[in-house]
Amino acid sequence: MTTVIETSTAARRSAELEEQITLRPNDFRVLTGDRPTGLLHLGHYFGTLHNRVRLQRQGVEMMVIIADYQVLTDRDVAEHLGEHVDNLVLDYLAAGIDPRTATIFTHSAVAALNQLLLPFLSLVSVSELSRNPTVKDEINHSRQAAVSGLMFTYPAHQAADILFCKANLVPVGQDQLPHLELTRTIARRFNDRYGRLLPEPDALLSPAPLLLGTDGTKMSKSRGNAITLSATADETARLIRGAKTDAQRHITYDPQSRPEVSSLVLLAALCLGRDPHDVAADIGSGGAAELKRTVTEAVNEYLAPMRERRAAFAQDRGGLRRILREGNERANAIAEATLAEVRSAMGTRY
C-alpha cells in the first residue's frame with residue numbers, strides 16, 4: 001500500500017512539474033544518465049532517451065552522466081569500457097541530445113563529485129542502505145559471488161551524482177523512487193546539519209512504455225533480446241521475425257492477456273505516433289506475419305534518421321572524445337564549486 005501511495009504522490013507531483021517546465025524551463029536542471037555496459041536499445045530510447053531530448057528542446061538544462069564507475073557495482077571487471085563509452089555518446093547524439101547545451105561527462109573524470117560520497121555516507125545509516133529495495137534487487141541479480149561495498153553504497157553514489165550539480169529534477173521510473181528518496185533524505189540532513197545548501201530534487205515520473213524483448217521477457221542488453229539503436233535494417237527485420245507471439249491469429253492490443261503480441265503492437269504504435277488499439281485493429285486478422293511486417297517497417301522508418309546521424313558521428317572518433325573532454329571540464333567546474341561550498345559549510349577548509 002505504501003508503494004502505491006508513494007507512486008500516486010509522485011505522479012501528481014510530476015504532473016505539476018510538467019506544467020512548471022512548460023512555463024519556466026530555465027528553472028530546472030536535470031541529472032540523468034546510463035551505465036556504459038553495452039549498446040542502447042529501443043527500450044532505452046522510448047523509456048528515457050526520447051524524454052531527455054524532449055526536455056532539452058523545451059529549454060531544460062541537461063546533465064548526462066556516463067556512470068563508468070558504477071559498472072563495477074555488479075561486475076568483477078569493467079570490460080570494453082572505452083568502447084562502451086564511445087557507443088553511449090554515439091547513441092546520445094543519434095537520438096538528438098545536443099552537446100552544445102547538454103553536458104555529457106564520465107563519472108570517473110569528476111574527482112570532486114566522488115569526494116562528496118564521504119560526507120554523504122555519514123548522513124545515512126547502514127540499515128537505510130541495506131533495506132533499499134533497488135539495492136536488494138540489484139544484489140539478487142548481481143554477477144558477483146559476494147556483494148561489494150560499492151554495490152552496498154550505490155544509493156549514496158547516486159546522491160553524489162545528483163547533488164554535485166544541484167540538479168533539482170531527475171527523470172525516473174517508479175522502481176527508482178526509493179533511490180531518489182534517499183538522495184532527498186541526504187540533502188535534507190545535510191541542510192539541517194550544516195545550513196541550507198543542497199536542493200531536494202524532485203522525481204519526474206515518465207510513463208515509460210513496457211517493451212518486452214523478442215523472447216517475451218524484459219528487454220535487456222545482456223539477454224540478447226533487444227533491438228539496439230545501432231542495428232541495421234536487416235538485423236532489425238531478422239530480430240522482429242524471430243519475436244515471440246501467440247497462437248491466436250486475430251491481432252488485438254491486450255497487454256495483460258497477450259503481452260508478447262501487445263508489446264509488438266505498442267512498438268509499432270510508438271514509432272508511428274498512433275494509438276496501439278488502432279494499430280491492432282488495422283492488422284486484425286492479418287496474424288503474426290502481418291504484425292511483424294508492420295512493426296519492421298515502422299521501426300526501420302523511425303530509426304533511419306538516427307542510424308544516419310550515428311554513422312556520421314562515428315566517422316569522427318576524435319569529435320566524440322572532444323565532446324566528452326568538454327563535458328568533463330564543465331562537470332568538473334560545477335563539482336569543484338559545490339565541493340568548496342560543502343567544505344565551507346562543514347568547516348573543513350584549511
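Checked for salt-bridge contact, Asp68 and Arg35 miss the test: no charged N lies under 4.0 Å from a carboxylate O. The existence of a salt bridge linking Lys244 and Asp215 is excluded, since no basic side-chain nitrogen approaches an acidic carboxylate oxygen closer than 4.0 Å. Here Asp316 does not pair with Arg321 in a salt bridge; the nearest charged N to carboxylate O distance is not below 4.0 Å. Classification of Arg13 and Glu16 as a salt-bridged pair holds, one side-chain N sitting under 4.0 Å from a carboxylate O.
Annotation: ring pair (Phe, Tyr, Trp, His ring centres under 6.0 Å) contacts involving residues 255-280, sequence neighbours excluded, comprise Tyr253-His277. Pairs engaging residues 329-350 under the salt bridge (charged side-chain N to carboxylate O under 4.0 Å, His left out) rule: Lys166-Glu341 [sequence neighbours left out]. The stretch residues 53-64 participates, sequence neighbours left out, in these salt bridge (charged side-chain N to carboxylate O under 4.0 Å, His left out) pairs: Glu18-Arg54, Arg29-Glu61. Under the ring pair (Phe, Tyr, Trp, His ring centres under 6.0 Å) criterion, the residue pairs touching residues 191-218 are Phe190-Tyr194, with sequence neighbours excluded.
Here the side chains of Arg317 and Leu90 are in contact, with some heavy-atom distance below 4.5 Å. Residues Leu17 and Leu169 have side chains in contact (heavy-atom distance under 4.5 Å, counting atoms from C-beta outward). Residues Lys292 and Thr245 have side chains in contact (heavy-atom distance under 4.5 Å, counting atoms from C-beta outward). The side-chain heavy atoms of Leu204 and Leu55, taken from C-beta on, include a pair separated by under 4.5 Å. Between Glu200 and Asn168 there is no side-chain heavy-atom pair separated by less than 4.5 Å. No side-chain heavy atom of Val30 sits less than 4.5 Å from a side-chain heavy atom of Val170. For the pair Pro99 and Leu93, the minimum side-chain heavy-atom distance is below 4.5 Å. The shortest side-chain heavy-atom distance between Pro119 and Met346 falls under the 4.5 Å cut-off.
Between Pro36 and Ala67 the shortest heavy-atom distance is CD-O, 3.4 Å. Nearest heavy atom pair, residue Leu264 against residue Val295, reads O-CG2, 3.3 Å.
Members clustered with Leu39: none, using a 4.5 Å side-chain heavy-atom cutoff among hydrophobic residues. In the hydrophobic clustering (ILVMFWY side chains linked at under 4.5 Å, chained through shared members), Leu210 is joined by Leu212.
Not counting sequence neighbours, Glu181 has no partner by the side chain to side chain donor-acceptor pair (under 3.5 Å) test. Partners of Glu83 according to the side chain to side chain donor-acceptor pair (under 3.5 Å) rule, which considers only residues two or more places apart in sequence or in another chain, do not exist here. By the side chain to side chain donor-acceptor pair (under 3.5 Å) test, Asn332 pairs with no residue at all, sequence neighbours left out. Residues satisfying the ring-ring contact (aromatic ring centres under 6.0 Å, His included) criterion with His84, sequence neighbours excluded, are absent altogether. Checked against side chain to side chain donor-acceptor pair (under 3.5 Å), Thr101 has the following partners two or more places apart in sequence or in another chain: Gln56.
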Under 3.5 Å donor-acceptor pairs involving side-chain atoms of residues 156-164, not counting sequence neighbours:
residue : atom : partner : partner atom : Å
Asp161  : OD1  : His107  : NE2          : 3.3
Asp161  : OD2  : Gln70   : NE2          : 2.7

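Side-chain N or O atoms of Glu326 include none that pairs as donor or acceptor with a backbone N or O of Ile323 at under 3.5 Å. Ser263 places no side-chain N or O within 3.5 Å of a backbone atom of Glu260 that could act as its donor or acceptor partner.
The line from CG of Leu49 to CD1 of Ile97 is 6.5 Å long, rounded to the nearest 0.5 Å. We find the CE-OG1 distance between Met219 and Thr214 to be 7.5 Å, quoted to the nearest 0.5 Å. Remark: Leu303 CG to Glu308 CD distance equals 13.0 Å, nearest 0.5 Å.
Just one of Asp34, Val64, Leu320, Leu324 meets the side-chain contact (heavy atoms from CB on, under 4.5 Å) condition when paired with Leu88; it is Asp34. Remark: of the listed residues Ile227, Val299, Asn225, Thr228, Ile227 is the sole one forming a side-chain contact (heavy atoms from CB on, under 4.5 Å) with Leu239.
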Please assess Arg325 against Thr106 for the test side-chain hydrogen bond (donor to acceptor under 3.5 Å, both in side chains), listing each intermediate value before the final yes or no.
-> CA-CA 9 Å; Arg325 187 167 60 251; Thr106 50; over 6 Å; no
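Counting only N and O atoms by type, the side chains of Asn51 and Thr48 include no donor and acceptor under 3.5 Å apart.
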